[in-house]
K.L.:
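Take a look at this one; I'll ask things after.
Each chain gets a letter, A, B and so on, in the order its sequence line appears, and its residues count up from 1.
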Protein chains: 2
Amino acid sequence: MRPAKTLERVIPIGTLAERTGVKVETIRYYEQVGLLPEPERSEGNQRRYGRAHVERLAFIKHARDLGFAVESIRTLLRLSDTPGMACDEAHAIAAEHLDEVRDKIARLRSLEAELARIATVCSGGVAASDCAVIEALADHSHCEHHSA
Amino acid sequence: MRPAKTLERVIPIGTLAERTGVKVETIRYYEQVGLLPEPERSEGNQRRYGRAHVERLAFIKHARDLGFAVESIRTLLRLSDTPGMACDEAHAIAAEHLDEVRDKIARLRSLEAELARIATVCSGGVAASDCAVIEALADHSHCEHHSA
DNA sequence: CTACAACCTGTAGCCACTACAGCTTCAAGA
DNA sequence: TCTTGAAGCTGTAGTGGCTACAGGTTGTAG
């Protein structure tokens with residue numbers, strides 16, 4: 001007897017989407033940009049995926065969720081495909097991305113501080129000519145933040 | 001005698017760019033999407049800006065630096081143009097944006113934590129088959145983070 | 001008057017999708 | 001076996017907020 005549906009050896013794109021949490025259109029996009037290898041096709045030209053695709057797409061999704069750029073993921077996948085290759089490069093990509101994330105957090109925190117200041121002063125209800133939000137945006141003098 | 005160049009009443013786009021820190025192309029873009037009103041033109045069809053444009057562009061730049069979407073800025077500008085209008089809306093926009101920024105910070109912090117974990121374990125030099133970065137991305141099991 | 005920087009318009013590209021139009025295929029029920 | 005409707009297909013265009021050209025015109029200092 002054949003295995004239950006959720007354990008089948010080849011699955012269509014919709015099932016792959018469900019199983020990985022990646023949308024159908026996004027899966028086709030990943031194929032188009034060369035992240036996901038082209039799968040076999042049914043007689044009627046529909047994509048049929050196997051276990052390897054599920055794993056690879058899960059890898060991609062995990063990396064995307066962590067904010068890695070598609071270009072970085074391409075490199076990470078290449079590294080994971082060549083097991084003899086040194087891990088230095090993967091480590092460098094992760095470390096660099098971590099730096100970027102930390103930078104982004106720092107910048108957002110300074111935005112948060114200024115926004116909080118602006119939003120607190122103005123509690124609404126006043127005429128716009130006196131609105132602290134508008135005034136704060138119009139007047140750049142007493143703020144020391146930097147461009148994004 | 002005429003005033004010094006930096007104090008002139010009408011300025012070309014390049015000077016406006018210098019004075020506000022907004023690139024020439026971006027200024028034209030803001031005009032195109034209706035954030036900055038169309039200025040007068042010279043006889044030769046070149047844009048000539050006045051004091052009001054400098055102020056409005058500074059407002060826009062400040063708001064963009066704070067991460068406000070162009071659409072929000074459009075509303076904020078409209079509010080600042082109608083001085084009788086209540087400030088509630090401006091306050092709501094700022095408060096909502098502050099919420100978004102805080103959300104973003106929270107999400108980035110959880111990314112940071114996982115990236116730090118991944119990057120620390122793997123210090124490079126090992127073969128990719130044993131690389132903690134690759135493994136962590138391939139194996140989703142011991143991580144509880146959520147999609148972006 | 002000449003040279004050259006600065007300006008002009010319009011279009012295409014960036015990232016990582018997302019949405020749609022207009023078609024074909026698959027699979028389950030009658 | 002036939003029908004129906006969900007799911008699949010390709011290709012194109014749109015998102016946001018710019019940025020980067022190409023190929024021309026204007027402004028201005030020497």
Side-chain angles (χ1 to χ4, degrees), chain A residues 2 4-6 8 10-36 38-49 53 57 59-77 97 100 104 107 147-148, chain B residues 2 5 8 10-36 38-49 53 57 60-77 97 100 104 107 111 147-148:
Chain A
R2 307 213 319 222
K5 181 159 195 183
T6 49
E8 260 171 335
V10 294
I11 54 175
I13 196 167
T15 309
L16 179 61
E18 266 173 40
R19 213 163 287 181
T20 55
V22 178
K23 289 186 184 172
V24 168
E25 294 87 348
T26 306
I27 295 173
R28 287 196 282 248
Y29 169 74
Y30 286 157
E31 179 181 323
Q32 202 187 316
V33 299
L35 276 196
L36 200 60
E38 292 184 22
E40 311 268 294
R41 298 282 183 137
S42 72
E43 282 187 21
N45 199 37
Q46 300 195 352
R47 291 169 179 83
R48 293 294 178 255
Y49 294 96
H53 289 100
L57 186 53
F59 183 105
I60 294 167
K61 165 128 175 74
H62 194 181
R64 283 297 299 139
D65 284 351
L66 285 168
F68 284 98
V70 161
E71 207 36 54
S72 302
I73 297 175
R74 204 190 304 281
T75 305
L76 290 169
L77 283 168
H97 182 50
E100 286 165 13
K104 213 173 268 180
R107 268 187 280 111
S147 307
Chain B
R2 305 212 320 221
K5 183 159 192 180
E8 260 172 334
V10 295
I11 55 175
I13 196 167
T15 308
L16 179 62
E18 267 173 39
R19 213 163 287 181
T20 56
V22 178
K23 289 186 182 170
V24 167
E25 294 87 347
T26 307
I27 295 173
R28 287 197 283 248
Y29 168 74
Y30 287 157
E31 179 182 323
Q32 201 186 317
V33 299
L35 276 196
L36 201 60
E38 293 183 22
E40 310 269 295
R41 298 283 182 136
S42 72
E43 282 188 21
N45 198 36
Q46 299 195 354
R47 291 171 180 82
R48 292 294 178 256
Y49 295 95
H53 289 101
L57 187 53
I60 294 168
K61 165 129 175 74
H62 194 182
R64 283 296 300 141
D65 284 350
L66 285 168
F68 284 97
V70 161
E71 206 37 54
S72 302
I73 297 175
R74 204 191 304 282
T75 305
L76 290 169
L77 282 168
H97 182 50
E100 286 166 13
K104 215 172 266 179
R107 268 185 281 113
L111 294 196
S147 306

K.L.:
With sequence neighbours excluded, tell me which residues meet side-chain hydrogen bond (donor to acceptor under 3.5 Å, both in side chains) with B:E71.
P.N.:
B:R74
K.L.:
Give a yes or no on this: more than 12 heavy atoms of other residues, nucleotides or ligands lie within 6.0 Å of atom CD of A:E40.
P.N.:
no
K.L.:
List in chain and number order the residues that pass ring pair (Phe, Tyr, Trp, His ring centres under 6.0 Å) with A:F68, two or more places apart in sequence or in another chain; answer none if no residue qualifies.
P.N.:
A:H97
K.L.:
Please state how far atom CD1 in B:I11 lies from atom P in C:dA6, giving the value in whole angstrom units.
P.N.:
15 Å
K.L.:
Rounded to the Å, how far apart are A:E31 CD and C:dT18 P?
P.N.:
17 Å
K.L.:
C:dC26 phosphate, OP1 or OP2: any side-chain N/O from A:S42 under 4.0 angstrom?
P.N.:
yes
K.L.:
Nearest whole angstrom, please: distance from the P of C:dT11 to the CD of B:E25.
P.N.:
17 Å
K.L.:
What residues, two or more places apart in sequence or in another chain, satisfy side-chain hydrogen bond (donor to acceptor under 3.5 Å, both in side chains) together with A:E31?
P.N.:
A:R47
K.L.:
Counting only heavy atoms and a strict 4.0 angstrom limit, can you tell me which residues of residues 68-76 of chain B come near DNA chain C?
P.N.:
none
K.L.:
Can you name the side-chain contact (heavy atoms from CB on, under 4.5 Å) partners of B:Y29, sequence neighbours left out?
P.N.:
B:V33
K.L.:
Can you measure B:E43 atom CD to D:dG27 atom P for me and round it to whole angstrom units?
P.N.:
7 Å
K.L.:
What string of B, S and - do you get for nucleotides 4-12 of chain D, 5' to 3', if B is base contact, S is sugar-phosphate-only contact and - is no contact with any protein heavy atom under 4.0 Å?
P.N.:
----SSB--
K.L.:
What pair of heavy atoms forms the shortest contact from A:P39 to A:Y49, and how long is it?
P.N.:
CG-CE2, 3.5 Å
K.L.:
Taking NZ from A:K23 and C1' from C:dC20, how many angstroms apart are they, rounded to a whole number?
P.N.:
14 Å
K.L.:
Could you give the CG-to-C1' distance, from B:L57 to D:dG17, as a whole number of Å?
P.N.:
15 Å
K.L.:
With a cut-off of less than 4.0 Å, is there a side-chain N or O of B:T26 near OP1 or OP2 of D:dG17?
P.N.:
no
K.L.:
Separation of B:L16 atom CG from C:dC8 atom P, in whole Å?
P.N.:
11 Å
K.L.:
Nearest 0.5 Å, please: how far is CZ in B:R48 from OG1 in B:T15?
P.N.:
8.5 Å
K.L.:
Check side-chain contact (heavy atoms from CB on, under 4.5 Å) between A:T75 and all other residues, then give those that pass, not counting sequence neighbours.
P.N.:
A:R78, A:L79, A:E89, A:I93
K.L.:
Quick one: side-chain hydrogen bond (donor to acceptor under 3.5 Å, both in side chains) partners of B:R28, sequence neighbours excluded?
P.N.:
none
K.L.:
Can you tell me how far C1' of C:dA16 sits from CD1 of A:I60, to the nearest Å?
P.N.:
13 Å
K.L.:
Any side-chain N or O of B:Y30 less than 4.0 Å from the OP1 or OP2 oxygen of D:dC18?
P.N.:
yes
